[in-house]
Number of protein chains: 2
Amino acid sequence: MPDRDTKGAVRNITDLARLAGVSPGTVSRALAGKSLVNAKTREKIEAIAREHGFRPNQMASGLRRQKTGVIGVVIPLGHDTRQQISDSFFMTLLGFLADELTREGYDLMLRRVVPETDPDWLDRFIGSGMIDGVIVIGQSDQFDRIEDIADGYGPMVVWGNHTEGQLHCVVGTDNRLGGRQAAERLIAAGAKQLAFLGDTTAIEFAARFAGANDVVRRMGLPSMIELPTHLSPERAGEEIADHLVAHGDDIDGIFAATDTLAALALTALRERGVAVPGDIRLVGFDDLPIARQTVPPLTTVRQDIAAGARGLVDLLLRRLAGDKTESLVLPPELVIRETA
Amino acid sequence: MPDRDTKGAVRNITDLARLAGVSPGTVSRALAGKSLVNAKTREKIEAIAREHGFRPNQMASGLRRQKTGVIGVVIPLGHDTRQQISDSFFMTLLGFLADELTREGYDLMLRRVVPETDPDWLDRFIGSGMIDGVIVIGQSDQFDRIEDIADGYGPMVVWGNHTEGQLHCVVGTDNRLGGRQAAERLIAAGAKQLAFLGDTTAIEFAARFAGANDVVRRMGLPSMIELPTHLSPERAGEEIADHLVAHGDDIDGIFAATDTLAALALTALRERGVAVPGDIRLVGFDDLPIARQTVPPLTTVRQDIAAGARGLVDLLLRRLAGDKTESLVLPPELVIRETA
DNA sequence: CGGAATCTTGCAATCGTTTGCAATTGACCA
DNA sequence: TGGTCAATTGCAAACGATTGCAAGATTCCG
């Protein structure tokens, strides 16, 4: 009889227990590395487990322990559905997040949602019982909904902009300061009439714009011209060209909400024969890899993506442990290259 | 007594059943939308569920039904650990995958693994019991291990290169054909001595190289010069510069394994004062967004990433349903811009 | 009005693992 | 030898949802 059993596949802890001649409970303890089981028993169990390639079922384990070992990462596609596909910033952040979470022994469950068509996107994710905590990448235009949730749910950390007095724990660059740095640089490079390229309904972008505005006002310069633009490269290209037709001669400095937009602007400017930084100065945001490769290379405001990911995971783990954590605001860094 | 209950949170199907005055089984059926329950009963149950924001626990459901509704997506970081962070190709593919899987009602569990330090990365993922199927993004140098698994595990689809007679189901561009197209274009643009920029230990890149070689041999041209390069921008930049010092004067056409590498090469060439395409012609691969934005814009071989993602998900679902599916090879498309 | 057929519902086992509690074993000491 | 104590192990009840089976309730027809 034992012979027959040896041939059968080991599908659960009970099968394995039978093979090892112990009870399921002991197998569970052995595989979990608890100190209660005898060394020899453990070795035997581990040997059989290895031989049969057995791994305890995470679903069952999760159900019993009431924790899954999975962190949810959700990307709300708020004001601009195709945004994140084109924007390598979020994807890079996601890569670092995956690394950090793995290092901490967590798995990552990724979900992209369209809040407009799915109003309770966040409740659904949290309520599924599949995740121990959630990281929201980008507030987009969902600030209020996130605030609502934060009221009753602890293990959530958000990447985005910090607003005075907000409830939810956020990690992000000081966008307003970054905006100031950008404007200061543009002005130092000789610009007098600035424009902001990007859609300010996204709260992060609004803060960058506000920062730049601070400087413009302080310096007594004419107020900035807003050039709202979608983030998908196809649409943005045209929109930028249109903006330049309308305002190209009035402005001598552009602050782009994103390096991606800045790169597109650079192309559009070249096509119109506008010299950068001679006629128009240009500053981007993010310091993505592309910023080094444009011609001329882009002056930009750097966000430390790796540090951001580390911060997100770190705070989330502390919240998982019951801490009540503060938000983390990272300093932006002006990187001067050749466009301003 | 009912009054007290009304106030308590509804944490499971049993609580809800008590509130609704029915049995847990009925609640389960109602929430699952089965036709067996009376319309009025269902409405009542749904109303209470909505009121309390109750959602059935996915872990428990998964355990009982023996399926999780989660698809694993794993990125092996094989020959070049930092690869995928810089390479937006994989990240874009991931974005489309997330969309497709969501549309089919599946969640996506993402895992990045380093096979060198974690030999049974694939077994572990599959054996965890957390996923119904797995999509492997990129064979890297793990072809053999993937073959091993495919022998006994059905619901797996791999993005990568198709090799004659292989076991595992793969979706990918015809890299060899793409390589041919690239070489033909370089030669048509006047190149006589070609070089291949990239690391051919990755099987996909090896196929691109082989395709280009086909053409070179057929035309009776001198054989290609290999310029092995890592994919991370920091290292690649230097390596490319070194290559150009060593071979820059001998070659008049470069086929880069990736647009990312091509863009770096373009920068390096400009720095040396080499005219493109005047002195050296250049063709990339992928047609990433960056290909439009280099100066001059990049001639490249386009991979249809969206179609790839659709194919991966489609095949996986069919395999989940028990089909034995064939691999899917997508046609590459030469996009002629200005570098060749 | 009786009986068969059709709807709804409840019951209880099941998925695979974990863990508090109790029982067994052996060691050790007086 | 008896008794105490620690080290191991087994037992069985959870975790929360699903589902085959059977019972109860309705309907329908002649």
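Below, all heavy atoms of this structure are taken into account, side chains as well, without hydrogens, waters or symmetry copies. Lettering follows sequence order; numbering is per chain, from 1. All values reported here derive from a predicted model rather than from experimental measurement.
When each of A:Arg55 and B:Arg29 is assigned the nucleotide of DNA chain C with its nearest heavy atom, B:Arg29 is the one assigned upstream, toward the 5' end. Nearest-nucleotide assignment on DNA chain C puts the 5′-proximal partner with B:Ala39, out of B:Arg65 and B:Ala39.
For A:Gln66, no side-chain nitrogen or oxygen approaches OP1 or OP2 of C:dT18 to under 4.0 Å. Contact check, A:Ser23 against D:dT9: no side-chain N or O comes under 4.0 Å of OP1 or OP2.
With rounding to whole Å, A:Gln58 atom CD is found 16 Å from C:dC15 atom C1'. Spacing between atom CE of A:Met130 and atom C1' of D:dA17 amounts to 14 Å, rounded to whole angstrom units. Here the P atom of nucleotide C:dT9 and the NZ atom of B:Lys44 are 11 Å apart, to the nearest Å. Distance, B:Lys40 NZ to C:dT9 P: 9 Å, rounded to whole Å. The distance between atom CG of B:Leu31 and atom C1' of D:dA17, rounded to the nearest whole Å, is 11 Å. As rounded to whole Å, 13 Å separates atom C1' of C:dC15 from atom CG of A:Asp15. Summarising the geometry, the separation between CG on B:Leu63 and P on D:dA14 is reported as 17 Å, rounded to the nearest angstrom. The distance between atom CZ of A:Arg11 and atom P of C:dC15, rounded to the nearest whole Å, is 12 Å.
Nucleic acid contact class of A:Val22 (heavy atoms, under 4.0 Å, all strands): sugar-phosphate only. A:Ser28 comes within 4.0 angstrom of a base, heavy atoms only.
If you check C:dT19, C:dT17, C:dG10 against the side chain of A:Asn57, the one that comes closest is C:dT17. Looking at the side chain of A:Asn38, the nearest of the listed nucleotides C:dT17, D:dT8, D:dG16 is D:dT8. Nearest nucleotide to the B:Thr41 side chain, out of D:dT9, C:dT17, C:dT8: C:dT8. When the nucleotides D:dC15, C:dT18, D:dT18 are ranked by their closest atom to the side chain of A:Ile13, C:dT18 comes out on top.
B:Met109 is not listed as a side-chain neighbour of B:Ile71, based on a closest heavy-atom distance of 4.5 Å or more.
With hydrogens and angles ignored, no donor-acceptor pair under 3.5 angstrom links the side chain of A:Arg64 to the base of D:dG16.
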Inset, instruction - Go through the steps for B:Arg318 and B:Asp314 under the test salt bridge (Lys or Arg N to Asp or Glu O under 4.0 Å), then give the verdict. - result: CA-CA 6 Å; B:Arg318 303 225 315 258; B:Asp314 185 51; 3.4 Å; yes

Legend entry - From CA spacing to verdict: salt bridge (Lys or Arg N to Asp or Glu O under 4.0 Å), A:Arg55, B:Asp120: CA-CA 12 Å; A:Arg55 301 175 205 292; B:Asp120 54 347; 3.2 Å; yes

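For the pair B:Gln58 and A:Met59, the tightest heavy-atom approach, listed with the atom from each and the gap, is O-SD, 4.5 Å. Closest heavy-atom contact between A:Phe54 and A:Ile13: CZ-N, 3.7 Å.
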